[in-house]
Amino acid sequence: METLNYRHKAPQRAKGSKRQVIVGVVASGNLEVLAERVLPDSECEVDIRTAAEGFGEIWQAVVADFVERRSPGGLKFSINDGGARPDTVALRLAQAVSAIEGERT
Amino acid sequence: MTLDNILASLFPHGHDVVLERGLISGRGPLPDGGSVAVIGVDGRTPVGVEEAALLAGHVLDVIKPGGNEPILVLIDSDSQRMSKRDELLGLNEFLAHLAKCLILADKLGHRTIGLLYGHTAAGAFIATALATQILVALPGAEPAVMDLPSMSRVTKLSIDVLQEKAKSTPVFAPGLDNLAQTGAVAITLDTAGSLADQLQSVLSAPAEREDSRDKLGKERNGRPKAADIAERVYELARASV
Amino acid sequence: MIAVVSETSKDHDDASVSTSSWYEASARQRVEHLLDANSFNEFIGPEWRETSPHLPLFDLPEQFDDGMIVGYGRLGGKPVLVAAQEGRFMGGAFGEIHGAKLTGLLRAARDMASVPVLILFDTGGVRLQEANAGELAIAEIMRALIEARLVGVPVVGLVGGRAGCYGGGGLIAGCCSALAVSEQGRISVSGPEVIETNRGVEEFDSKDRALVWRTMGGKHRRLIGGAEVFADDTMASFRDAARYLIEHAPSMSLSTLESEQSRLAQRIERFGHCSDAVDIWRSLGAAEPENLPALHYREFAALANDLQEPRHDAR
């Protein structure tokens, strides 16, 4: 198992008022994302535990791209990963933000 | 110890316990003048639909007249019988029925004591030994949820690796010590002493009305979290309604 | 409380949710759609991060809820306690935390003596990486479940998930007051691979899906009396079944178990010589037993009610 952690500045606070949501499941090629509104509005954090070691650069790029697109200010994302592909990771992160902002994806 | 030796030590003045096609049934006298009903599985016999139904029938026969005669469950079994026919007939219902009968007996005032003297595994373990109110064992008993070779196939880890990991935790590997640590086996008996006296002493202790196996597993460092998690859910549920 | 999100990208209106597949849904989706809208409150939800203390030893990823969701909600306006297994995480298998959540829930149900319990099974049995803890959890769950039933609490099992209801899960299901099962819901102690490994491929070919379904699947379980209700693979059907079975669940007593003893003995007598499910269905009086697997939900449910009246007093 490998642990990764990324912190970013986010220009905007994530909308809505839900405290937390969870999406996904930990299975081969899949992951769960727990999003919690626990940080200052201008910050976000992604905490990852993954079964697939040695993909730090890809995670960094996926997370950076996600933060830039969605600006999830105030959210902490905790991920348990069963070895998902980058597109699945991006999808789950987007679902988590949409869910906590109150939209259905 | 063989079944005959165990019965001789349990009932030095004789008994009418019989063994038929791997199943044990009968009755023996207790030192205090009472009697104990005996059922069980010997010779690593697998527990299939017929076996479970027969054993459950014996338990119901003890319950029906009322009273509080204790029930001793002697176990040296295989796992559940792993066959198409048993599953076709609904083995899960038969094993559950046996467990239900044993647990009902306990709730109606019959002490139920499991005595593990050989092997047991998987579904047979749950339906017999683990369905008694207190489980004791003889040294050398070999309880297993699953044997290491099968576990190795499923987890894709070598037996060597599994054995190495088993040194750091009792939580997965077979064996009496591991199951005692997780709270399944309350007491290991002393084969040098009289089993009759040891059985009488178990029966003389007040019956625990609560299932304390999770707390025992915590005390013995075999199951660090189960008791606390169950307790927390319990409190939250009680507070919610 | 944790909000639940659909994992597909489609928008759901109410109609499509109620007809959406139970089998395909996650445990959280099942709980959400089974209960009255927004009524579910989870106990020790994922934010508590009560993950398995044992999976790290095997270098395996954890899940924040350890694959078991327990909580309180309402069904048709009435309070219920609910437990749901996530069959995609570790095959829905019972580990220490996973099992202890259900144990605690059932002990609470026993002591409250008034609130029914729904168990949404989706499990391969004991989690081997924590086999001893899982095995004991099953024993503890069964004891608490039976104690709850003895004080009159209905405990209803719903079986229709991807992982089926195998191993110790099958034994717990056998202790429930009543079961609803869909065609996809398999109930068995030994799994297909286990039987094949022990008996050889001639006795049981685990790759023969039709054989697996007709030996362990929901239709067969309904026909031999192993489940009271045959449900369609939809959220709405399982919801209806849960409400019906809570209302009709008998309490448990010595006479219940005496009835079960004769019910099971009769089953061996009647079908013990049959070598395949089709023979059993023929003995039951099915006109075209070989066609049963192809019957749609409504046709089959009607036929099953003709062939085998559910026994609510013998479980």
Side-chain angles (χ1 to χ4, degrees), chain A residues 1-4 14-39 47-55 59 70 75-84 87-105, chain C residues 1-14 16-17 24-32 38 40 42 44-52 55-69 84-93 95 98 122 124 127 161-163:
Chain A
M1 297 299 295
E2 185 171 350
T3 303
L4 302 165
K15 293 194 288 281
S17 59
K18 273 187 206 156
R19 298 288 308 154
Q20 62 185 53
V21 295
I22 188 155
V23 300
V25 65
V26 182
S28 179
N30 210 332
L31 73 161
E32 69 173 348
V33 179
L34 172 65
E36 298 165 291
R37 205 182 290 274
V38 291
L39 298 176
D47 201 40
I48 300 152
R49 282 177 54 78
T50 175
E53 299 184 11
F55 293 91
W59 279 101
R70 300 298 294 251
L75 302 186
K76 176 178 177 175
F77 299 88
S78 303
I79 292 176
N80 284 316
D81 172 45
D87 54 346
T88 308
V89 175
L91 172 70
R92 291 275 179 261
L93 283 166
Q95 285 178 333
V97 176
S98 300
I100 206 165
E101 290 187 330
E103 313 164 26
R104 302 292 262 176
T105 49
Chain C
M1 185 183 150
I2 303 271
V4 178
V5 214
S6 153
E7 285 173 17
T8 60
S9 54
K10 285 179 295 198
D11 275 318
H12 284 312
D13 58 24
D14 282 351
S16 74
V17 165
E24 297 291 341
S26 70
R28 287 182 185 280
Q29 289 168 331
R30 289 178 193 146
V31 169
E32 189 192 51
N38 302 315
F40 183 63
E42 186 169 355
I44 317 185
E47 75 279 14
W48 289 92
R49 296 170 169 75
E50 286 289 2
T51 56
S52 163
L55 292 179
L57 177 67
F58 291 86
D59 211 31
L60 288 167
E62 302 150 29
Q63 183 160 299
F64 289 126
D65 59 18
D66 204 36
M68 176 67 90
I69 300 159
Q85 298 180 289
E86 176 50 68
R88 291 172 301 172
F89 172 65
M90 301 295 298
H98 182 110
D122 198 350
R127 189 185 295 170
R162 294 159 185 258

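Numbers restart at 1 for each chain; the letters A, B, ... are given by sequence-line order, proteins then strands. Values below: all heavy atoms of this structure, side chains included; hydrogens, waters and symmetry mates excluded.
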Please determine, by modelled atom types, if A:R70 and A:S98 share a side-chain donor-acceptor pair under 3.5 angstrom.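 A:R70 vs A:S98: donor-acceptor pair found between side chains.
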Side chain / backbone / both / neither for C:E86 at chain A, heavy atoms under 4.5 Å: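 For C:E86, side-chain heavy atoms alone lie under 4.5 Å from chain A.
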Part of A:E53 lying under 4.5 Å from any heavy atom of chain C: side chain
Turns out that what part of A:T50 lies under 4.5 Å from chain C's heavy atoms comes down to neither
A:E32 and A:R92 ion-paired at < 4.0 Å: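 Salt bridge absent between A:E32 and A:R92.
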Salt bridge check: are C:E42 and C:R28 linked by an N-O gap of less than 4.0 Å? yes
Given C:Q63 and A:V25, is the side-chain contact (heavy atoms from CB on, under 4.5 Å) satisfied, shown in steps? CA-CA 8 Å; C:Q63 183 160 299; A:V25 65; 3.4 Å; yes
Highest number of heavy-atom pairs under 4.5 Å with chain C: which of A:G82, A:S78, A:A27? A:S78
